[in-house]
> 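The structure is given below, and queries will be raised subsequently.
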Number of protein chains: 2
Amino acid sequence: MARPVEFDENKVLNSAMEQFWREGYEASSVQKLLDCTGINRGTLYNSFGDKDTFFKSCVDQYHKIIDKQIESSLKNPELNAWDSINAYFDEAVLNISNKHRSMGCLLVNSLCESINYDKDMKKVVRGSLATIRKAIVARLKEAQKKSKLKKGVSVEFAADVLMNTLHGVRVNSRDGKNNRQLKELIKHSINTLKK
Amino acid sequence: MARPVEFDENKVLNSAMEQFWREGYEASSVQKLLDCTGINRGTLYNSFGDKDTFFKSCVDQYHKIIDKQIESSLKNPELNAWDSINAYFDEAVLNISNKHRSMGCLLVNSLCESINYDKDMKKVVRGSLATIRKAIVARLKEAQKKSKLKKGVSVEFAADVLMNTLHGVRVNSRDGKNNRQLKELIKHSINTLKK
DNA sequence: CTTATACTTGACCCCCCATTCAATTTTACT
DNA sequence: AGTAAAATTGAATGGGGGGTCAAGTATAAG
């Protein structure tokens, strides 16, 4: 017995997510968020809360993308450990639009912004990054069991190396590095861990 | 025949640089810059120009630090190629205060902010990063001449790997990774290139 | 001591920031 | 048709954003 919502929540979240992703938290004014989502001022506050809350929802939305990428790569049972890790980098970095690639990573960008000093935000961003690492760790354990992990390299350290490469690549993406160069960097990093 | 300046230009630039470094361009309001530098509003605009110009000067100031680090490591004639590269990472990442380390890198942070879309800013930030890479390339060429570079690895690619590791480490720094972990990541990356 | 020159100061400007809210519209149930 | 519930709307609010400027102040040259 109430008026139904007119906007598509998913579309709104995606548009806002892209805005935050491209320009960061600070530079994304509420007005810009209204413009890119097409919703009205009051609607935003009524349905999504204040800017902070909205941002967190957008990070959640971003995390959904990550989850999908993990699902079809790292958690794909048809792939062996290293193939799945390769597949993840493909999903996350290489096989995406130039537009998105040049925007880097919302999580990395947020770490590098002042919003990183907010306890809640930190928790959300770190949580999302931890999910990626966890999925990588699972596959590295598998690789280790099958003696496919380089000797003397621990699973935890290998995960750190891969995450570090991922972060570096994300920064380099924002610096305009092309796909070929990023691919080489990823390939090299993985090769240093593979047996 | 004019009144002499009262502020110490270098101190002002250092304080403002730290503010921009810690919180980024967008979150650093002019008021915050006045507070941390101790100078007056008019003085800032008279002596340093508008916020954009001031920011560029602060990046220049940051670049001076980088230059010093390069001078005592990568350009140190008493060190061989790989020792000098190790020394650079020490100077830039490991042997600095926890406070500074946790702030990451002003250049990387700027790449990840919306200011990255400003042509002038891009030029300044990229220029500074290019200086680091150039100094690394010089040493890698030396290593290659002395057959200390791993076979099949080009100087340019090795430089890309090191820069990517540096970027990754800078993001991880802002994520709170400790010195020991960063050291391991750097060591590993260098070892993959060294012969 | 006077004067030209530059630095310093903070009040002031307009604009856009995030946020609120009362009025309006749209629906579903009775 | 009437009404309760929720969504929508955009004007309004207070505050802080970046930037300006006229007045005051300190210096060195003449």
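Quick note on labels: first sequence line is chain A, next is B, and so on, each numbered from 1.
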> Between E184(A) and K177(A), does any NZ, NE, NH1 or NH2 come within less than 4.0 Å of an OD or OE carboxylate oxygen?
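Judged by the 4.0 Å cut-off on N to carboxylate O distance, K177(A) and E184(A) do not form a salt bridge.
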> Quick one: ring pair (Phe, Tyr, Trp, His ring centres under 6.0 Å) pairs with a partner in residues 165-185 of chain A, sequence neighbours left out?
none
> Measure the distance from CG on D50(B) to P on dC13(C) and round it to the nearest whole Å.
22 Å
> Could you verify whether a donor N or O on one side chain and an acceptor N or O on the other, from N10(A) and Q61(A), lie under 3.5 Å apart?
yes
> Measure CG/D8(B) against P/dC7(C) and give the value in whole Å, please.
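Result: 15 Å.
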> Give a yes-or-no answer on whether the side chains of T165(B) and S189(B) include a donor-acceptor pair shorter than 3.5 Å.
yes
> Which nucleotide, dA18(C), dG18(D), dT8(D), lies nearest any side-chain atom of K51(B)?
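In terms of side-chain proximity for K51(B), the closest of dA18(C), dG18(D), dT8(D) is dG18(D).
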> Show the atom names and distances, to 0.1 Å, of all donor-acceptor pairs under 3.5 Å that link a side chain in residues 145-154 of chain A to residues at least two apart or in another chain.
{"unit_1": "S154(A)", "atom_1": "OG", "unit_2": "F157(A)", "atom_2": "N", "d": "3.0"}

> Taking CZ from F7(B) and P from dA26(D), how many angstroms apart are they, rounded to a whole number?
17 Å
> Near DNA chain C, counting only heavy atoms under 4.0 Å, which residues of residues 117-125 of chain A show up?
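Within this stretch, nothing sits under 4.0 Å of the strand.
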> Where along residues 31-48 of chain A does a heavy atom come under 4.0 Å from DNA chain D, residue by residue in number order?
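Going residue by residue through residues 31-48 of chain A, the ones with a heavy atom under 4.0 Å of DNA chain D turn out to be N40(A), R41(A), G42(A), T43(A), N46(A).
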> Would you mind listing every side-chain hydrogen bond (donor to acceptor under 3.5 Å, both in side chains) that reaches into residues 122-138 of chain B, with sequence neighbours excluded?
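Residue pairs with at least one partner in residues 122-138 of chain B: D175(A)-R126(B), H63(B)-S128(B), R133(B)-E156(B), R133(B)-D160(B).
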> Roughly, in whole Å, what's the span from CD in Q19(B) to P in dG18(D)?
11 Å
> Using only heavy-atom distances, determine whether the side chains of S173(B) and R101(B) contain a donor-acceptor pair under 3.5 Å.
no
> Under the salt bridge (Lys or Arg N to Asp or Glu O under 4.0 Å) rule, what pairs show up with a residue in residues 31-57 of chain B, not counting sequence neighbours?
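Non-adjacent pairs meeting salt bridge (Lys or Arg N to Asp or Glu O under 4.0 Å): E23(B)-K32(B), K56(B)-D120(B).
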